[in-house]
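One structure below.
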Number of protein chains: 2
Amino acid sequence: MVPAVSWRRLGAVAAVALGLELVYRFLRRRPPPVREVLFFPAPLVCAEPLLSPGTCCSCPLPHHTDGALSALLRRLLGARRSLELCIFTFSSPPLARTVLLLHGRGVRVRVITDSDYMAAAGSQIGELRKAGVVVRHSQSSGYMHHKFAVVDRSIVITGSMNWTQQAIQTNHENVLVTDDGACVSAYLEEFERLWEEYDPAGYCFFPKDDQNGP
Amino acid sequence: MVPAVSWRRLGAVAAVALGLELVYRFLRRRPPPVREVLFFPAPLVCAEPLLSPGTCCSCPLPHHTDGALSALLRRLLGARRSLELCIFTFSSPPLARTVLLLHGRGVRVRVITDSDYMAAAGSQIGELRKAGVVVRHSQSSGYMHHKFAVVDRSIVITGSMNWTQQAIQTNHENVLVTDDGACVSAYLEEFERLWEEYDPAGYCFFPKDDQNGP
């Protein structure tokens with residue numbers, strides 16, 4: 001005997017199945033991935049509208065928040081918990097102000113930089129240290145030439161650009177921003193590796209191959 | 001009157017629907033996305049096994065094809081149609097050999113570099129030009145500080161690393177490889193913009209603001 005199924009019942013089953021599929025897709029929805037590429041040089045703008053919104057600034061620079069520098073500042077200012085910086089040369093005042101602002105907000109900021117360039121003219125590393133930001137630096141002969149940042153362990157900012165005024169205003173540079181999980185993990189792993197390698201407790205002031213040392 | 005539907009017929013409809021879904025998914029399948037991060041310094045290896053596979057090399061370097069440099073060479077050697085290079089300093093012999101190999105295979109190679117550094121000691125730009133590779137260079141006061149490549153208009157290779165021996169063997173550097181469409185388009189657009197900007201037909205040998213000029 002062949003059981004009979006009404007079209008109405010079949011329609012109800014199909015409707016329920018469709019409803020479940022929609023609920024499943026709704027629950028699985030994800031925000032669009034972050035994939036942004038910023039190109040420099042960027043026109044010089046005042047960073048105050050982003051760093052101190054609501055305050056009045058009378059400097060002669062444009063006060064809009066368009067352009068690559070503003071986009072970079074916005075990405076950094078999005079940090080709520082942590083900021084890892086691995087920067088070869090760091091002399092840009094607006095970027096230093098951004099880092100200090102985040103440090104003041106309680107974001108855990110850690111900075112790795114290059115030993116040769118951290119004391120160069122205009123370097124902001126001293127200002128960061130004075131404010132209590134923990135900075136570690138390279139100890140090897142090669143340059144610590146990275147220029148990347150990791151925001152909240154979820155977004156990586158990398159590329160060719162050192163954090164200097166010349167790079168921002170004059171050079172042709174690129175900065176890639178991504179939240180791709182594999183990339184973020186790779187950069188975080190490199191940061192942690194260098195952070196341990198540059199631990200001051202492991203400094204070697206008199207290398208074994210220094211024959212002139214004591 | 002309610003029409004009767006047999007379970008067998010219902011099963012057949014479900015099977016056809018499932019089959020169509022599988023075919024649809026099969027046709028829509030895509031290779032996994034390319035997301036690779038290479039970190040340097042990398043141990044020095046001989047590039048011959050990748051550049052001239054099958055030939056015998058007696059140099060004293062290791063001849064395996066592991067490591068970050070080999071991974072970078074492999075990505076470049078994957079080019080079949082085009083290679084756009086935008087490199088600040090280019091003095092690495094194995095990377096130059098790779099580019100010349102691709103040029104010899106008929107891959108359309110275009111190079112943009114920095115005017116100040118292209119004639120520096122060890123630069124490979126002259127070798128590329130001698131072999132017929134088209135090179136254009138910056139003409140502005142700021143550095144052309146990019147270090148990116150686009151392979152077959154589908155993969156972008158970018159990061160902190162100049163194509164020099166020091167960068168590969170000594171510095172801490174990162175190179176990100178991605179086939180994300182939005183990123184690739186952005187870098188290609190930047191390349192084409194600079195390619196036009198640095199067109200020799202537009203050279204200005206006596207800038208208007210040069211008051212000491214004729």
Side-chain angles (χ1 to χ4, degrees), chain A residues 1-10 13 32-41 86-88 112 114 138 140-148 156 158-162 164 166-178 180-187 189-190 193-194 197-198, chain B residues 2-10 13 32-41 86-88 112 114 138 140-148 156 158-162 164 166-178 180-187 189-191 193-194 197-198:
Chain A
M1 183 186 169
V2 179
V5 177
S6 72
W7 284 113
R8 187 174 292 181
R9 195 166 294 172
L10 204 61
V13 170
V34 175
R35 305 284 188 272
E36 189 177 19
V37 189
L38 308 173
F39 291 104
F40 294 81
C86 213
I87 304 287
F88 177 50
I112 292 175
D114 184 77
S138 58
S140 50
S141 54
Y143 288 136
M144 200 308 295
H145 202 242
H146 288 307
K147 312 105 171 31
F148 72 81
V156 68
T158 188
S160 66
M161 196 176 81
N162 292 303
T164 67
Q166 170 171 337
I168 294 168
Q169 294 169 36
T170 317
N171 292 355
H172 288 289
E173 308 272 6
N174 68 86
V175 173
L176 192 151
V177 185
T178 178
D180 178 82
C183 293
V184 173
S185 297
Y187 281 95
E189 201 175 301
E190 173 75 353
R193 203 184 58 73
L194 291 179
E197 185 179 328
Y198 299 156
Chain B
V2 179
V5 177
S6 73
W7 284 112
R8 185 174 293 180
R9 194 165 295 173
L10 205 59
V13 169
V34 175
R35 305 284 187 273
E36 189 177 21
V37 189
L38 308 172
F39 290 103
F40 294 81
C86 213
I87 304 287
F88 177 51
I112 292 175
D114 184 78
S138 57
S140 49
S141 54
Y143 287 137
M144 202 307 295
H145 201 244
H146 288 306
K147 312 107 171 32
F148 73 82
V156 68
T158 187
S160 67
M161 196 177 80
N162 292 303
T164 67
Q166 170 170 337
I168 294 167
Q169 294 169 37
T170 317
N171 293 354
H172 287 290
E173 307 272 5
N174 69 86
V175 173
L176 192 151
V177 186
T178 178
D180 177 82
C183 292
V184 174
S185 296
Y187 281 95
E189 200 175 303
E190 173 75 353
F191 185 91
R193 202 184 60 72
L194 291 180
E197 186 180 328
Y198 299 156

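Worth saying up front: this structure is predicted, and the values here are computed from it rather than measured. Both backbone and side-chain heavy atoms feed into the values below; hydrogens, waters and symmetry mates do not. Letters A, B, ... are given to chains in the order of the sequence lines, protein chains preceding strands, and every chain is numbered from 1.
- The choice from B:Thr178, B:Val37, B:Val156 that makes the most heavy-atom pairs within less than 4.5 Å of chain A is B:Val37.
- By the 4.5 Å heavy-atom criterion applied to side chains, A:His146 and A:Thr158 are not counted as neighbours.
- At distances below 3.5 Å, at least one donor-acceptor pair connects side-chain atoms of A:Asp114 with backbone N or O atoms of A:Met144.
- For the pair A:Val175 and A:Lys147, the minimum side-chain heavy-atom distance is 4.5 Å or more.
- In terms of modelled atom types and a separation under 3.5 Å, the side chain of B:Ser160 and the main chain of B:Asn174 share a donor-acceptor contact.
- For the pair B:Asp180/B:Arg35, a side-chain contact is recorded, criterion being any heavy-atom separation below 4.5 Å from C-beta on.
- The part of B:Phe39 that comes within reach of chain A is its side chain, from C-beta onward, which places non-hydrogen atoms under 4.5 angstrom from that chain.
- The contact between B:Gln166 and chain A is made entirely by side chain atoms (from C-beta outward), counting heavy-atom distances below 4.5 Å.
- In this structure, chain A has no heavy atom under 4.5 Å from any part of B:Phe88.
- Using a 4.5 Å cut-off between heavy atoms, B:Glu189 does not touch chain A at all.
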